[in-house]
Every structure is written in C-alpha cells, then in structure tokens.
Amino acid sequence: MRNFINLLRRDFLLLIRDVWGIVLLFLMPWALALMMTYLQDSTFRSINENRVALYLLDSDRDSLGSMVGRHLSASSIFEVSTEAGGHILSENELEEAVSRGDYLIGVVIPEHATAHLRAEVVRDVEKAFNGGEDGGGSESEGSGEDGFGSGKPESNRSRPEIKIFVDPKAKPSFRTSLIRAVRENALTIQNRLLLGEITRQVNRIVPIPVNLDIDAGELIAINESYARPDKTKIIPNSTQHNVPAWSMFAIFFIVISLAGNMIREREIGCFNRLMTMPCSFHLYILSKVGVYLCVCLLQLTLMILTGMYVIPLFGLPALELGHSLSALLAMSVSSSLAAIGYGLAIGSVARTNQQASVFGAVSVVILAAVGGVWIPTFVMPRLMQAMSNISPLNWGLNGFNDIFVRDAGFREIWPYLSASLLFFAVALIISRHGNRKRRR
C-alpha cells in the first residue's frame with residue numbers, strides 16, 4: 001500500500017509540473033464547449049427567432065401575389081420585405097441585391113399573374129361544360145400539371161412564371177421550403193378560382209343557386225414537439241448536446257499527457273529504476289489510472305458545472321442532468337477509464353514522445369469526428385454511421401445524451417458502459433503486451 005501511495009504522489013507531481021499542459025487540458029475543452037454551444041444554439045432554437053431575409057416583388061397586385069406574400073409572412077420562416085430604402089426594387093435591382101447578400105431569397109410575382117390564371121381556369125371550365133369544345137380550339141385531350149384537362153398541348157398554355165432568386169450561400173432546405181410555400185399558394189389560388197368558375201357555370205344551368213367557393217380554412221392543426229418520456233420535462237437544446245460532446249473530447253485528450261509522461265519516464269530511466277524496486281508493472285499502471293481518473297472526473301465536473309451555471313450567463317439554456325445521478329457517475333467513470341486505457345496503450349506502444357503526441361492528437365480528432373462530436377451521426381452517410389459504432393467517444397457521447405436528453409437510467413446506458421469498460425480492458429492488455437515486448 002505504501003508503494004502505491006508513493007507512486008500516486010510521484011505521478012501527481014509529474015502531472016502538475018507541466019503547468020501549461022494542465023491549463024490546456026482544462027481550458028481548451030471548456031472554451032470549445034462555450035463557443036460551440038453558443039454558435040449552435042440557433043439550430044435548436046425555434047425557427048421564429050431566426051427568420052430568413054426574403055424580398056417579395058409583387059407586380060401582380062392581385063389574389064396570387066397577395067396570398068403568396070401573406071402566407072410567406074405567416075410561415076414564421078421568412079422575414080418578408082417589400083421595400084428597400086423606401087422604394088420598391090425592380091427585378092434587376094432585386095437580383096443584384098440577392099447576389100450581394102442583402103437578401104437570401106428574392107421572389108418575383110409577374111404582372112397579371114392572377115388574370116392569366118383566371119383566364120385559363122375560365123377557358124377550361126367552359127370547355128368542360130361545352131362537352132370538350134372551347135369555341136374552335138383544339139379538341140385534343142390532355143391533362144396538365146395544374147390538375148385538370150387543358151385541351152391543348154402543355155407547351156401552348158399561357159402560364160405565369162414566378163421567379164425565385166437564391167443566394168448561392170443559401171441552404172437547399174431554405175430553397176425547398178420557399179418553393180413548397182409558393183407552389184402551395186399558387187395551387188390554392190388556382191383551386192379557388194376553379195371552384196368559383198364552376199359555381200358560375202352551374203348557376204347558369206340549375207334553378208337553385210349553388211356556391212361551391214367555400215373557404216374552410218385549416219381544418220387540421222399540426223402540433224410539433226420533441227418526443228420524451230412522461231416522467232421528464234427535459235427539452236433538447238444546444239447545451240444538452242454540446243456539453244457531453246466536448247466533455248468526451250476533453251477526457252480523451254489526456255492521452256497526450258499520459259502517453260508523454262510514460263515515454264519520458266522510459267527515456268530518463270525512471271521506469272527501469274521503478275521496475276527494479278519492489279514495484280510491479282500492474283501497480284505502476286494502477287497508480288496512473290488513479291491519478292488520471294481524478295483528472296478526467298475533474299474535467300467532467302468542470303464541463304457539467306459550466307453547462308449548469310456559466311452557459312446560462314450567455315443567454316443560453318442551462319444543462320439539466322436528468323434524474324439518475326448514479327447513472328451519470330457510472331458513465332463518467334467508464335468513459336474516463338476508456339480514455340485512460342487508450343492513453344496507456346499509446347504510451348506503451350509508441351517509441352518516442354513525438355510519435356505519441358502526433359498519433360494521440362490525430363487519432364483523438366479522428367475518433368471525435370467519426371463518433372459524432374463534430375457532426376451528429378444522424379446526418380452522416382450510412383457507412384460513416386456504421387463506423388461511428390467503433391469509436392469510444394461515440395459510446396460515451398450516446399450514454400451522456402441518453403442521460404441528459406432522454407433522462408435514461410442504468411438499464412438504458414448499460415450497452416455503452418459495457419463497451420467502454422471492455423475497451424479499457426483491451427487497452428490494458430495491449431499496454432501489458434507492449435511492455436513485455438520492449439523488456440524482451
């Protein structure tokens with residue numbers, strides 16, 4: 001026991017002598033967690049708080065233009081402008097403004113768009129009531145994109161053309177949302193005009209007045225919310241996702257310090273002297289596990305306290321820990337052991353400090369990227385999603401996310417606990433094998 005305490009004291013002194021290394025171990029992940037949480041907060045906020053700048057040039061001044069403008073404004077996605085600098089932009093000026101980045105999207109409703117649409121509807125309805133004849137027009141049958149027969153080839157139809165200018169920086173999702181909104185409004189106007197014209201034609205035939213132009217409004221309400229268990233009120237936000245992600249990155253970054261200390265001990269002969277004393281390799285490893293486990297748990301504690309008390313000072317949501325603190329502690333210990341085991345394996349296999357530093361840093365960054373720390377795994381291709389399952393950072397990240405976001409307990413995080421502990425055991429075997437090979 002005395003030898004073990006002396007080893008702990010020695011490893012602790014080796015650790016604190018590298019002051020700037022300790023500062024980076026704690027400061028860098030802490031700063032990353034703050035910065036990334038702040039930057040990604042808009043992704044998790046309600047879209048009402050982050051509208052897309054859109055300019056609407058309504059040259060129609062009729063039903064189509066007014067309804068498109070009204071629905072775009074009510075969609076809570078776009079911040080619709082109809083003037084710039086006190087005057088209405090022309091089509092060319094609008095295109096230049098979008099290209100400069102003044103607006104993300106520009107929409108142009110052409111002149112007489114509603115009148116053209118109304119004329120097409122009247123012609124098609126009159127043709128339907130006249131048995132397919134429209135006063136000398138072609139009697140060929142056809143069904144256009146508008147949803148009813150035109151009697152003319154599609155190329156001969158007079159259709160108004162709504163123009164959409166999109167900033168090259170705009171995400172495809174914005175463009176898709178806009179086109180869907182414009183198309184839905186155009187179809188709504190078309191259907192209302194169609195019903196109105198059918199009503200007029202029917203009233204010419206039947207003695208009792210009929211009104212088919214019924215505005216039923218929205219008969220179905222859509223309520224969007226996050227799926228979560230009844231027992232929890234935790235709502236996913238940027239803090240809940242970023243704190244565990246960068247916590248995992250923080251604890252795995254200790255591999256540089258741990259592996260570097262092991263190699264320096266070998267280079268200066270300290271390791272050989274220890275092995276000639278009444279000290280076994282297992283006791284040597286156990287002392288390093290004890291010291292660096294404390295470091296990892298301190299890192300996790302710092303990150304959790306940052307999420308609970310520091311991040312809210314920036315106007316961001318506070319971190320909620322869930323109801324199972326025992327599961328949180330178990331996940332913290334297992335993830336820390338996985339990181340420590342990885343550092344021990346690198347320190348035992350690498351020959352020089354440069355090898356350990358470069359390989360440790362690069363491999364941790366790769367494992368973080370694959371594991372979903374930089375990019376969520378659900379947006380990755382299927383191949384990368386499958387590869388993420390082999391990253392120990394992914395196991396820890398999923399475990400913490402289940403605790404923080406899904407309010408999970410031991411039963412739900414057991415697969416991640418088991419995988420992390422198994423990884424730690426395999427790393428210890430590699431470390432022992434590397435030590436035996438070197439001594440031989």
Side-chain angles (χ1 to χ4, degrees), residues 54-75 78 80 82-83 88-95 105-166 175 177-219:
L54 180 148
Y55 189 96
L56 176 64
L57 176 57
D58 181 14
S59 303
D60 179 45
R61 304 293 180 184
D62 207 336
S63 302
L64 179 60
S66 62
M67 180 171 281
V68 169
R70 187 168 62 252
H71 280 221
L72 288 176
S73 299
S75 67
F78 307 103
V80 180
T82 56
E83 292 184 356
I88 299 175
L89 300 178
S90 66
E91 184 175 326
N92 291 333
E93 290 174 336
L94 174 57
E95 186 173 5
I105 297 172
V107 180
V108 179
I109 309 295
E111 294 182 351
H112 313 301
T114 305
H116 282 295
L117 187 59
R118 186 179 292 114
E120 289 294 316
V121 169
V122 169
R123 187 186 66 179
D124 288 336
V125 173
E126 286 182 348
K127 177 182 175 182
F129 277 87
N130 290 331
E133 298 180 359
D134 58 354
S138 172
E139 297 184 8
S140 61
E141 295 181 356
S143 178
E145 249 185 283
D146 300 326
F148 44 85
S150 67
K152 283 188 176 184
E154 188 67 26
S155 59
N156 293 333
R157 294 181 65 87
S158 174
R159 296 190 300 176
E161 184 181 77
I162 298 177
K163 293 184 179 180
I164 299 178
F165 300 117
V166 183
R175 179 176 175 271
S177 300
L178 175 65
I179 293 175
R180 185 184 298 115
V182 172
R183 182 179 288 115
E184 288 175 356
N185 283 280
L187 290 176
T188 300
I189 292 289
Q190 176 180 292
N191 292 335
R192 293 191 65 177
L193 291 174
L194 179 62
L195 288 174
E197 185 59 26
I198 291 176
T199 299
R200 191 175 69 84
Q201 294 291 341
V202 169
N203 287 332
R204 289 172 53 187
I205 300 173
V206 300
I208 301 175
V210 176
N211 183 15
L212 299 177
D213 188 11
I214 302 173
D215 186 7
E218 293 186 0
L219 300 179

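For the single chain, residues carry numbers from 1 onward in sequence order.
- At a threshold of 4.5 Å between non-hydrogen side-chain atoms, the residues P110 and I162 count as touching.
- Pairing each heavy atom of L56 with each of V80, the nearest pair is CB-CG1, 3.9 Å.
- The distance from the CG atom of D62 to the CD1 atom of I109 is 11.5 Å, given to the nearest 0.5 Å.
- Side chains of L57 and L89 form no contact here, defined as non-hydrogen atoms less than 4.5 Å apart.
- More than 12 heavy-atom neighbours from other residues, nucleotides or ligands sit within 6.0 angstrom of CD on E83.
- No donor-acceptor distance shorter than 3.5 angstrom exists from the side chain of Y55 to the backbone of I105, with no hydrogens or angles considered.
- Of all the heavy atoms in F165 and V108, the pair that sits closest is CE1-CG2, 3.8 Å.
- Under the rule for a side chain to side chain donor-acceptor pair (under 3.5 Å), the partners of E91 that lie at least two apart in sequence or sit in another chain are K163.
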